[in-house]
Number of protein chains: 2
Amino acid sequence: MTTRRKSPVETEAIQPQMCSVDVRQHILRHVPFFAMLSEEDIGRINQSFREQGFEAGEPIYYAGDPAARLYVVAAGKVKQMRHSLTGQDVLLDILSEGDFFGSLSILGDETYPDTVLAQTGICALSIDSEGFREILQAYPPVALEVLNITGQRLRGAQEAVHQLSAYSVEQRLAYTLLKLMDKLGEAQEVGVLIQMPLSRDDLAAMTGATTETISRIMSQFQKAGWIKSGRQWVAIRDSEALREVAAGG
Amino acid sequence: MTTRRKSPVETEAIQPQMCSVDVRQHILRHVPFFAMLSEEDIGRINQSFREQGFEAGEPIYYAGDPAARLYVVAAGKVKQMRHSLTGQDVLLDILSEGDFFGSLSILGDETYPDTVLAQTGICALSIDSEGFREILQAYPPVALEVLNITGQRLRGAQEAVHQLSAYSVEQRLAYTLLKLMDKLGEAQEVGVLIQMPLSRDDLAAMTGATTETISRIMSQFQKAGWIKSGRQWVAIRDSEALREVAAGG
DNA sequence: CGCTGCCTTGATCTTCTTCAAAACGTGTGG
DNA sequence: CCACACGTTTTGAAGAAGATCAAGGCAGCG
């Protein structure tokens, strides 16, 4: 049953039934900030959510759209982006199963500051801001957990600011690859494979550099035997070496 | 009663009594996320806080210290920083009256990822993580408000990432000055004065550039008549022009 | 009145971008 | 199953933005 494709990344097609009502409750149970609730409570919460499928490349929403809903990724990966007037795009984060995005501020009316795109086919659960606020009020432990996660993300974003301010592209790329490995890595023969389609363009948008510069450095890394990479995929073979580069070796 | 100093910035000395128990309750009432509580509740919360004064330049804590407390700025300004192995420092944020910093994650045990320094003399209220968690549990509306503010900060940090990735130093500096003006601006004859001691080094650490580059661009801005600046102070005279530069004019 | 620390300015050098073109891999349609 | 066509990746050469190195100037303080 070997296919003919070259990329080791398995872009498991998101089946419509993965989004069905039947499995929604199961998915919600595995969302970090609902994990502590009883089956009964989750059932109640479930009713406020609705599910939605998106194909790879499709936008979930655009920057500037009125911010009305909060989303939870049930399956697949999404890219959270900001675009500039110059056309230069910045990839802020990659979110996967259990991560949330969208409207957090309880005070309605604003617009989304970023664009979110489906990187693979995805299934998302969503709820309107009003409904989410009600859940947070009804279940204070959930609010604390959401606060916790948001705090962690804030620190992550501050670390990114630090990186961009103080380190070279080479260091930032090494750091980014390590972070992706921690988040999406999967041990395989080629090395620890980053389980998602990932182009040089994506890496450029994540590190604040150009495609060409990233390509050059990736070639170096590969020549050194630290990574193995092809069209839209990357595997890490020597994370220790990358760690040293990231730290300024 | 005119002094001989040149800087228009008033570095009002923080008097010890500003930190006294008497006025603590008054201060807590003006902290955004306690504003909705009754006088009685604030009185109860008050007992968990302790006050502490710091002189200008003094550290509140260093990166790597065990993260045990959450702080609220009662008076003065603090700098939230990250340092790099290379000695290059990054200024993540400037916090003033009513802002909080320190240990947010409820799950104890970690260390602070950043260093916080008193930029002016300051008075801070602080509470241990345990006590803060209890408050959040006892007063769910407070938790929601803290979540809200944290969400806003996350967006601010993501905007900084965007800026660093996509815009020139000139644009970032213009943007930074405008942000400081919004936060700390005070109308005076010279223009809208940024009410705090602010060196070229500080601006360099905020924009991810070197002191020299910042100095050059500040000279340009001043020559153009958009700002007026001296030793450790800046006033904005033409915010519209800066806005245009920041937007890529 | 001189010292210390902040700010300015210039010259050079490095890093990264930009522009351009060729090579490669993947999926498609014949 | 093969060959073509497209988007991704690579590589090169020239250019620009900003860092680094090095002096000198100026303000405020003791």
Side-chain angles (χ1 to χ4, degrees), chain A residues 2-11 13 56-57 84 86-90 119 163-174 190 196-223 227-235 245 248, chain B residues 2-9 11 56-57 84 86-90 119 163-174 196-223 227-234 245 248:
Chain A
T2 56
T3 69
R4 224 167 336 148
R5 88 186 135 59
K6 274 293 192 50
S7 169
V9 174
E10 293 169 32
T11 41
S84 317
T86 57
Q88 164 130 214
D89 282 347
V90 178
Q119 172 79 337
Q163 290 269 333
L164 286 163
S165 298
Y167 297 114
S168 67
V169 176
E170 189 184 25
Q171 290 174 295
R172 268 140 54 198
L173 178 57
V190 273
M196 70 173 288
L198 187 69
S199 68
R200 308 292 132 123
D201 265 310
D202 290 329
L203 286 168
M206 293 182 88
T207 52
T210 58
T211 312
E212 293 95 329
T213 300
I214 293 299
S215 178
R216 284 180 237 275
I217 301 177
M218 290 289 278
S219 297
Q220 285 174 220
F221 285 1
Q222 184 142 7
K223 222 168 288 169
I227 64 170
K228 191 126 212 312
S229 169
R231 203 190 173 76
Q232 309 238 54
W233 65 270
V234 185
V245 169
Chain B
T2 57
T3 68
R4 228 170 328 153
R5 85 184 141 59
K6 274 291 193 48
S7 168
V9 175
T11 42
S84 317
T86 57
Q88 163 129 216
D89 282 347
V90 178
Q119 172 80 335
Q163 291 269 334
L164 286 162
S165 299
Y167 298 115
S168 68
V169 175
E170 189 183 25
Q171 290 174 295
R172 268 140 54 197
L173 177 58
M196 70 173 287
L198 187 69
S199 68
R200 308 292 133 124
D201 266 310
D202 290 328
L203 286 169
M206 294 182 87
T207 52
T210 59
T211 312
E212 293 94 327
T213 300
I214 294 299
S215 180
R216 283 180 238 274
I217 301 176
M218 290 289 278
S219 297
Q220 284 174 221
F221 285 0
Q222 183 141 8
K223 222 168 288 170
I227 65 171
K228 191 127 211 313
S229 169
R231 204 189 173 75
Q232 310 238 55
W233 65 270
V234 185
V245 169

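So you know, we letter chains A, B, ... as the sequences are listed, proteins then strands, and number each from 1.
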Quick check: closest heavy atoms across [X] and [Y], and the distance to 0.1 Å?
X: B:V234; Y: B:S229; value: CG2-OG, 3.9 Å
X: B:A204; Y: B:T210; value: CB-C, 3.7 Å
X: A:K228; Y: A:V190; value: CB-O, 4.5 Å

Task: Any donor-acceptor N/O pair, B:R200 side chain to B:S215 backbone, under 3.5 Å - done: no
Task: Bracket notation of DNA chain D in which parentheses pair within the strand, [ ] cross earlier pairs, and | pairs with another strand (Watson-Crick or G-U, under 3.5 Å) - done: |||||||||||||||||||||||..|||||
Task: Side-chain heavy atoms of A:I214 within contact of A:V169, under 4.5 Å - done: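 Side chain of A:I214 against side chain of A:V169, heavy atoms only: contact under 4.5 Å found.
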Nearest whole Å is fine: how far is [N] [atom2] from [X] [atom1]?
X: B:W233; N: D:dA27; atom1: CH2; atom2: C1'; answer: 13 Å
X: B:D202; N: C:dC7; atom1: CG; atom2: C1'; answer: 13 Å
X: B:L203; N: C:dT8; atom1: CG; atom2: C1'; answer: 15 Å
X: A:Q220; N: D:dG12; atom1: CD; atom2: P; answer: 12 Å
X: A:L164; N: D:dG18; atom1: CG; atom2: C1'; answer: 16 Å
X: A:M218; N: D:dT11; atom1: CE; atom2: C1'; answer: 16 Å

Task: Contact pattern, 5' to 3', of nucleotides 16-22 of chain C - B, S or - by protein heavy atom under 4.0 Å - done: SBBB---
Open item on the list: Within the 4.0 Å heavy-atom criterion, would you say A:S219 contacts the bases, only the backbone, or no part of the nucleic acid?
Closed with: sugar-phosphate
Rounded to the nearest 0.5 Å, how far does [atom2] of [Y] lie from [atom1] of [X]?
X: A:T207; Y: A:I217; atom1: OG1; atom2: CD1; result: 7.5 Å
X: B:R216; Y: B:T211; atom1: CZ; atom2: OG1; result: 10.5 Å
X: B:L173; Y: B:Q163; atom1: CG; atom2: CD; result: 11.0 Å

Open item on the list: Suppose we screen for side-chain contact (heavy atoms from CB on, under 4.5 Å). Which residues come up paired with B:A174, at least two apart in sequence or across chains?
Closed with: B:F221, B:L242, B:V245, B:A246
Open item on the list: B:S84: which residues meet the side-chain contact (heavy atoms from CB on, under 4.5 Å) condition with it, sequence neighbours left out?
Closed with: A:H162, A:A166, A:Y167, B:T86, B:Q88
When you compare the protein's N or O atoms with those of nucleotides 4-6 of chain C, which come within less than 3.5 Å of each other, and at what distance?
{"from": "C:dG5", "atom 1": "N2", "to": "B:R231", "atom 2": "NH1", "distance (Å)": "3.1"}
{"from": "C:dG5", "atom 1": "N3", "to": "B:R231", "atom 2": "NH2", "distance (Å)": "3.4"}
{"from": "C:dC6", "atom 1": "O4'", "to": "B:R231", "atom 2": "NH2", "distance (Å)": "3.3"}

TODO: Please collect all salt bridge (Lys or Arg N to Asp or Glu O under 4.0 Å) contacts where either partner lies in residues 202-214 of chain A, sequence neighbours excluded, each pair once.
DONE: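 Found A:K79-A:D202.
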